[in-house]
Engineer: 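Take this structure first; my questions come after.
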Protein chains: 2
Amino acid sequence: MTSKPNVRQPSHVACRDCSLSSLCLPLALSIKDIDQLDHIIKRGRPLKKGEHLFLEGDPFTSVFAVRSGAIKTYTATNEGEEQITGFYLPSEILGLSGMDTDTYPVSAQAMETTMICEIPFEQLETLSDQFPELRRHLMRLMSKRIREDQQMMMLLSKKNADERIATFLINLASRFRRRGFSSQSFRLSMSRNEMGNYLGLAVETVSRVFTRFQKNGLISAVGKEIEIRNSVELCALAGGKTLEPNPIATSA
Amino acid sequence: MTSKPNVRQPSHVACRDCSLSSLCLPLALSIKDIDQLDHIIKRGRPLKKGEHLFLEGDPFTSVFAVRSGAIKTYTATNEGEEQITGFYLPSEILGLSGMDTDTYPVSAQAMETTMICEIPFEQLETLSDQFPELRRHLMRLMSKRIREDQQMMMLLSKKNADERIATFLINLASRFRRRGFSSQSFRLSMSRNEMGNYLGLAVETVSRVFTRFQKNGLISAVGKEIEIRNSVELCALAGGKTLEPNPIATSA
DNA sequence: ATACGACTTTGAGGCCTCTCAATGACGTCA
DNA sequence: TGACGTCATTGAGAGGCCTCAAAGTCGTAT
């Protein structure tokens, strides 16, 4: 409701000055229109590891863009266990799946210290009325998410443990690369347990696959630090497409 | 491109006269606005079993509503096998996942004789500019689809064969009920093979689960005819929610 | 009506991944 | 810096589902 004046603190970079603007929502707007988006964005304090952005069942009010750090979304299974539904890196948008309900269907939690841009949905809709391009971008984001979820369903129903983890690593790598980071070596923000949870595998299986991948020279892993040593092989395992062509990113 | 005059043939029922209007796109429009939607809708000849509505890679031009019959969407895995991504019943909308690409990411094929309403997307977008409510409805459809896909991911990563099939049957039942049909007994439009493909199970497993369910008095199945004999148990297996509360439907 | 093909069912055996268990490494905080 | 808790690794065993194979059923077309 309150569109906070645009306080320029280190943590409060304006959209036009944000290094992620070409990946994030502003990409749908012209330079001069970006400021309008900028004014409705709320930039809260950084979330510490483990803090929640919203909880499953909270009233749906906003969508969020990750500015730095990493967020996971999860929901509770019938048995009360946690089921992770997505990982979100800087420039990626989350919260859109709550749009047709009054409440968020998942919880969102910081996996490390994380800065967030909050976009109140009501105002985003108003802005969408002015800028058809923004509206189309939002729909494209959701459409892309649907396709990505279907890729994920394919992974879960057809791929074995090796292929799942290869796919996961390649996907992460291209998302890092898209943000201008190395796709060869990066740091996982999630634990083996979280990775397994997301991929439908037991922790022990994840660990065993990592060990095997290292023995075969596909990757090198020291704790959460990952280095891809044979991207060709890894991509082949992941199922076809190489790391080279224009990378994939995730949103919504 | 051509908005065909509204020919009243048996197969060309106007939206306002369509029994599905309260479930389909028109639900976002007032009575008098429905006619505008009606005029952009193209109603082709019925598709025969096995005919394709569109193929993976075809240029994205329209979204589609199923009027009668049933459609499956599928994509090819890396090994060239078919992976079914969804089943669509009357009043349900498909094709939205192609929105952010130039081409459909899946193929759509009739599982039986099927009547389709085609909505050219460009004109739907124009109409969306006039009717914010229609626009919001489209976004809600996509948002709902995202949530449903996440349910599916949960099914694939956490549920065993019995639970998957129970979930699938309960889901189908509530979709039938929503359309005013019996949720106790209905006819499957898909083969055991297609069901298994969709659920990430081998045909033989599907068959064995069906046999077991019948032995336990959960269902009775003669070919594709299904009768749910113990919905309480079946719902429990599916994971909690009963069949009674307001049912779930699928779209996009 | 009959024959063919597609679909379904049932059985046997094997493999992949899970579960349980214990040890080892890491990171954090007093 | 040391101790604790969390996370990661490794091993052994079991179980669920897949694969392969064959027989049975259904639907359809000639």
Side-chain angles (χ1 to χ4, degrees), chain A residues 48-51 70 72 77 79 81-84 109-113 155-169 187-216 219-226 237, chain B residues 48-50 70 72 77 79 81-84 109 111-113 155-169 187-216 219-226 237:
Chain A
K48 281 203 281 276
K49 177 174 178 171
E51 280 189 297
K72 71 170 175 186
T77 66
E79 294 77 36
E81 305 163 59
E82 140 179 334
Q83 166 68 47
I84 294 174
Q109 187 179 27
M111 294 191 293
E112 51 192 83
T113 303
L155 175 145
L156 290 170
S157 77
K158 291 269 186 294
K159 294 184 178 179
N160 64 24
D162 285 17
E163 293 165 343
R164 290 182 198 196
I165 289 181
T167 304
F168 182 72
L169 291 176
R187 183 173 206 287
L188 299 173
S189 44
M190 71 289 297
S191 68
R192 302 283 191 273
N193 195 32
E194 290 170 323
M195 199 184 309
N197 182 300
Y198 178 65
L199 294 173
L201 297 172
V203 202
E204 297 91 330
T205 304
V206 174
S207 190
R208 278 185 254 267
V209 172
F210 266 65
T211 303
R212 199 174 328 126
F213 278 6
Q214 291 187 81
K215 272 182 192 152
N216 299 341
I219 64 170
S220 138
V222 181
K224 293 190 159 50
E225 294 295 335
I226 300 290
L237 253 181
Chain B
K48 280 203 283 276
K49 177 174 178 171
K72 71 171 175 184
T77 66
E79 295 76 37
E81 305 163 58
E82 142 179 332
Q83 166 68 47
I84 295 175
Q109 187 180 27
M111 294 192 292
E112 50 191 83
T113 303
L155 176 144
L156 290 170
S157 76
K158 292 268 186 293
K159 293 185 177 177
N160 64 25
D162 285 17
E163 293 164 343
R164 289 184 199 195
I165 289 180
T167 305
F168 182 73
L169 291 177
R187 184 173 206 284
L188 299 172
S189 44
M190 71 289 297
S191 68
R192 303 283 191 273
N193 194 32
E194 290 170 324
M195 199 184 310
N197 182 302
Y198 178 65
L199 295 174
L201 298 170
V203 201
E204 296 92 331
T205 303
V206 174
S207 188
R208 277 184 254 267
V209 172
F210 266 66
T211 304
R212 198 173 330 125
F213 278 6
Q214 290 186 83
K215 273 183 192 154
N216 299 341
I219 64 170
S220 136
V222 182
K224 292 191 160 48
E225 295 293 336
I226 301 290
L237 253 182

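In what follows, every chain begins at residue 1, and chains take the letters A, B, ... in the order their sequences are listed. Everything numeric in this text was worked out from a predicted model, so none of it was measured.
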Engineer: Can you check the B:Asn197 CG to C:dC7 C1' distance for me, whole Å?
Structural biologist: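 My rounded result for the distance is 15 Å.
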Engineer: OP1 or OP2 of C:dT10 less than 4.0 angstrom from a side-chain nitrogen or oxygen of B:Thr211, does that happen here?
Structural biologist: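 Yes.
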Engineer: Side-chain N or O of A:Lys224 versus OP1/OP2 of D:dA8: is the shortest distance under 4.0 Å?
Structural biologist: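 For D:dA8, OP1/OP2 do have a side-chain N/O of A:Lys224 under 4.0 Å.
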Engineer: Taking CG from B:Asp162 and P from D:dC17, how many angstroms apart are they, rounded to a whole number?
Structural biologist: 7 Å
Engineer: A:Thr205 side chain N/O closer than 4.0 Å to the phosphate oxygens (OP1, OP2) of C:dC18?
Structural biologist: yes
Engineer: Going by modelled atom types, is there a donor-acceptor pair between the base of D:dC7 and the side chain of A:Glu194 at under 3.5 Å?
Structural biologist: no
Engineer: Check the distance between D:dG27's C1' and B:Arg187's CZ and give it to me in whole angstrom.
Structural biologist: 10 Å
Engineer: Under 3.5 Å, is there a donor-acceptor pair between the side chain of B:Arg192 and the main chain of B:Gly223?
Structural biologist: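 Judged by distance alone, yes, a pair lies under 3.5 Å.
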Engineer: Calculate the interatomic distance between B:Glu204 atom CD and C:dA12 atom C1'; express it in whole Å.
Structural biologist: 12 Å
Engineer: Spell out, as yes or no, whether a donor-acceptor pair under 3.5 Å connects the side chain of A:Arg187 to the backbone of A:Lys224.
Structural biologist: no
Engineer: Measure from the side-chain N and O atoms of B:Asp162 to the backbone N and O of B:Leu237, and report whether any donor-acceptor pair falls under 3.5 Å.
Structural biologist: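 Judged by distance alone, no pair lies under 3.5 Å.
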Engineer: As a test of reading the structure: which of D:dT9, C:dT9, C:dC7 is closest to the side chain of A:Val203, going by heavy atoms?
Structural biologist: D:dT9
Engineer: Would B:Lys72 and B:Glu82 pass as an ion pair if we require N to O under 4.0 Å?
Structural biologist: yes
Engineer: With a 3.5 Å cut-off and just heavy-atom distances, do the side chain of B:Arg208 and the base of D:dT19 make a donor-acceptor pair?
Structural biologist: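 Per atom types, the contact qualifies.
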Engineer: How many Å lie between CG on A:Leu201 and C1' on C:dC18, as a whole number?
Structural biologist: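 Rounded to whole Å, this separation is 10 Å.
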Engineer: Between C:dC26 atom P and A:Leu188 atom CG, what is the distance in whole Å?
Structural biologist: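 My rounded result for the distance is 16 Å.
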Engineer: Calculate the interatomic distance between A:Phe210 atom CZ and C:dT17 atom P; express it in whole Å.
Structural biologist: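 Spelled out: CZ on A:Phe210 to P on C:dT17 is 15 Å.
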